[in-house]
Number of protein chains: 2
Amino acid sequence: MPTIESEVKQEKFQSEFQKAAVNILFTGSWLYNLNATFLKTFDVTPEQFNVLRILRGSHPKPMMLADITCRMIDKNSNATRLVEKLRVKGLVKREICKNNRRQVDISITEKGLILLTKIDRSSDSWQSTLKNLTKAEVQQLNFLLDKLRG
Amino acid sequence: MPTIESEVKQEKFQSEFQKAAVNILFTGSWLYNLNATFLKTFDVTPEQFNVLRILRGSHPKPMMLADITCRMIDKNSNATRLVEKLRVKGLVKREICKNNRRQVDISITEKGLILLTKIDRSSDSWQSTLKNLTKAEVQQLNFLLDKLRG
DNA sequence: ATACAATAGTTGTATATACAATTATATCTC
DNA sequence: GAGATATAATTGTATATACAACTATTGTAT
């Protein structure tokens with residue numbers, strides 16, 4: 001098992017807490033890169049994929065931009081430009097809301113839904129990287145991460 | 001305790017494994033942003049801070065770029081430009097290696113060491129966010145993350 | 001109704017990242 | 001020792017991110 005010490009070639013951390021901070025950042029980056037590489041074959045970035053999943057969750061009800069933003073993993077990504085890229089690919093639809101013309105209604109298209117289905121079908125491969133943990137361990141991990149954020 | 005479900009406003013995940021993936025990415029991003037905000041007062045980015053710590057670990061022995069890169073949390077950051085930024089700030093020193101002129105010897109300066117000391121002193125505040133977990137829980141978290149990466 | 005504030009999204013711009021191509025130097029092979 | 005290969009780092013370039021400033025629309029108070 002590759003400890004975080006060996007991963008970043010540091011023999012000793014100041015504390016178990018500091019080690020955990022590095023470990024979370026490192027593991028997050030590692031997982032992100034795995035995911036990004038996997039999704040590249042489908043020509044979407046992790047955040048684009050994330051937005052598509054969010055929209056599928058609401059489908060067929062459209063969502064406004066602010067609602068998408070607050071559900072995103074990385075809130076700093078610029079939702080306007082992200083959605084625009086998905087629109088160009090034909091994966092989402094944008095319509096100005098009739099009742100409130102400031103607002104934009106965004107929904108996933110049929111093409112977007114089909115893409116998600118395809119991704120889901122072949123995502124076993126990368127999800128299997130998580131299979132190093134038992135279900136009980138994964139539950140424990142989720143508990144600890146939630147508790148960590150306070 | 002804010003569960004990952006409430007953080008990304010998704011009631012239900014396909015599996016505990018998928019939830020863990022989102023949870024790690026989300027917590028990593030959350031921790032990164034906390035850290036970035038904290039370090040901004042010292043005018044360094046998280047990766048710049050990371051490189052300074054790496055160099056302090058080797059001090060007074062200089063390191064070559066490739067050795068720094070393989071110790072970095074995010075291996076994709078461009079170490080050349082990162083180090084150059086630190087050099088401009090006077091926090092590191094660059095010297096072409098006499099024995100091997102392809103190679104650049106990089107070391108942390110006195111100013112860099114002083115900055116790290118200052119940061120260490122005031123980093124209790126942000127490290128305290130990890131204090132939501134007991135030491136035993138933090139150890140368990142480190143164990144699970146290491147095991148996850150396999 | 002007019003002015004002020006709040007909301008929803010967009011755009012500008014500086015900086016950072018991803019990844020491939022390139023330069024420079026060293027080593028190896030014949 | 002000339003040419004091929006490997007190593008170390010840098011540079012080019014397209015894309016992404018951070019964050020503030022801006023536009024447009026709606027709501028509120030007087």
Side-chain angles (χ1 to χ4, degrees), chain A residues 25-26 28-41 43-51 55 62-89 92-107, chain B residues 25-26 28-30 32-41 43-51 54-55 62-89 92-107:
Chain A
L25 292 170
F26 183 85
S29 170
W30 171 83
L31 199 59
Y32 179 89
N33 288 325
L34 268 183
N35 200 17
T37 303
F38 165 68
L39 290 171
K40 185 164 278 183
T41 56
D43 194 34
V44 287
T45 66
E47 274 304 353
Q48 286 172 12
F49 173 58
N50 192 219
V51 168
L55 287 171
M63 293 177 83
M64 60 186 281
L65 213 74
D67 286 342
I68 295 175
T69 300
C70 78
R71 281 171 175 76
M72 280 165 61
I73 291 175
D74 184 352
K75 315 258 184 268
N76 287 320
S77 303
N78 189 319
T80 299
R81 290 189 254 237
L82 226 161
V83 164
E84 172 59 13
K85 255 158 226 152
L86 291 170
R87 191 194 62 76
V88 169
K89 293 179 194 168
V92 307
K93 201 175 59 186
R94 278 175 44 107
E95 258 177 313
I96 287 166
C97 177
K98 282 152 196 89
N99 311 342
N100 184 345
R101 305 193 334 97
R102 287 173 300 189
Q103 181 175 324
V104 183
D105 286 338
I106 299 150
S107 48
Chain B
L25 292 170
F26 182 85
S29 170
W30 171 84
Y32 179 89
N33 288 325
L34 268 183
N35 201 17
T37 303
F38 165 67
L39 289 172
K40 184 164 278 182
T41 56
D43 194 32
V44 287
T45 66
E47 274 303 354
Q48 287 172 10
F49 173 59
N50 192 218
V51 168
I54 290 167
L55 287 171
M63 293 177 83
M64 60 185 283
L65 247 160
D67 286 343
I68 296 175
T69 300
C70 79
R71 281 171 175 75
M72 280 164 63
I73 290 175
D74 184 351
K75 315 260 185 264
N76 287 320
S77 303
N78 189 320
T80 298
R81 289 189 256 234
L82 226 160
V83 165
E84 172 59 13
K85 255 158 228 153
L86 291 171
R87 190 194 63 75
V88 169
K89 292 178 195 167
V92 307
K93 200 175 60 184
R94 278 174 45 108
E95 256 176 315
I96 287 165
C97 177
K98 282 152 195 90
N99 311 342
N100 186 344
R101 306 199 328 101
R102 286 172 302 189
Q103 183 174 322
V104 183
D105 285 339
I106 299 149
S107 46

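In what follows, every heavy atom counts, from backbone to side chain, and hydrogens, waters and symmetry copies are set aside. Note on naming: letters A, B, ... go to the chains in the order of the sequence lines (proteins, then strands), and numbering restarts at 1 for each one.
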- line: Note: for A:Ala66 and B:Arg81 on DNA chain C, the residue whose nearest nucleotide lies more 5' is A:Ala66
message: On DNA chain D, compare the nucleotides closest to B:Leu65 and B:Tyr32; which residue's is nearer the 5' end?
response: B:Leu65
- line: The reported gap from OG1 in A:Thr45 to CG in A:Leu39 (rounded to nearest 0.5 angstrom) is 8.0 Å
field: Closest nucleotide among C:dA18, C:dT25, D:dC19 to the B:Asn100 side chain
entry: C:dT25
field: Euclidean distance, atom CD of residue A:Glu47 to atom C1' of D:dA18 [Å, nearest integer]
entry: 14 Å
message: Using Watson-Crick or G-U wobble geometry with both distances under 3.5 Å, which nucleotide pairs with C:dA21?
response: D:dT10
- prompt: Rounded to the Å, how far apart are B:Asp43 CG and C:dT15 P?
  reply: 11 Å
Close side-chain approach of A:Lys89 and A:Val44, heavy atoms under 4.5 Å: yes
field: Interatomic distance, B:Ile106 atom CD1 to B:Leu55 atom CG [nearest 0.5 angstrom]
entry: 7.0 Å
message: Reading DNA chain C from 5' onward, which residue's closest nucleotide shows up sooner: A:Asn33 or A:Asn78?
response: A:Asn78
- request: Would you kindly give the CZ-to-P distance between B:Arg94 and D:dA9, to the nearest whole Å?
  value: 9 Å
- request: State, with a plain yes or no, whether a side-chain heavy atom of A:Gln48 is found less than 4.5 Å away from one of A:Leu82.
  value: yes
message: Does a side-chain N or O of A:Lys40 approach OP1 or OP2 of C:dA18 to a distance below 4.0 Å, or not?
response: no
- request: Answer yes or no: does a side-chain N or O of A:Lys85 lie under 4.0 Å from OP1 or OP2 of D:dT15?
  value: no
- prompt: Between B:Arg87 and B:Glu84, does at least one N-O distance fall below 4.0 Å, as a salt bridge requires?
  reply: yes
Nearest-Å distance for atom pair CG/P, residues B:Asn99 and C:dT25: 15 Å
task: Check the distance between D:dA6's C1' and B:Met64's CE and give it to me in whole angstrom.
output: 13 Å
message: Whether the side chain of A:Arg101 and the base of D:dT25 hold a donor-acceptor pair under 3.5 Å is what I'd like checked.
response: no
message: Without decimals, in angstroms, what is the distance between A:Leu82 CG and C:dG9 P?
response: 14 Å
query: Rounded to whole angstroms, how far apart are CD1 on B:Ile96 and P on C:dT23?
result: 17 Å
query: Rounding to a whole Å, what distance do you find between B:Glu95:CD and D:dA9:C1'?
result: 16 Å
field: Closest listed nucleotide, where the reference is the side chain of A:Arg102 and the choices are D:dT13, C:dG9, C:dT7
entry: C:dT7
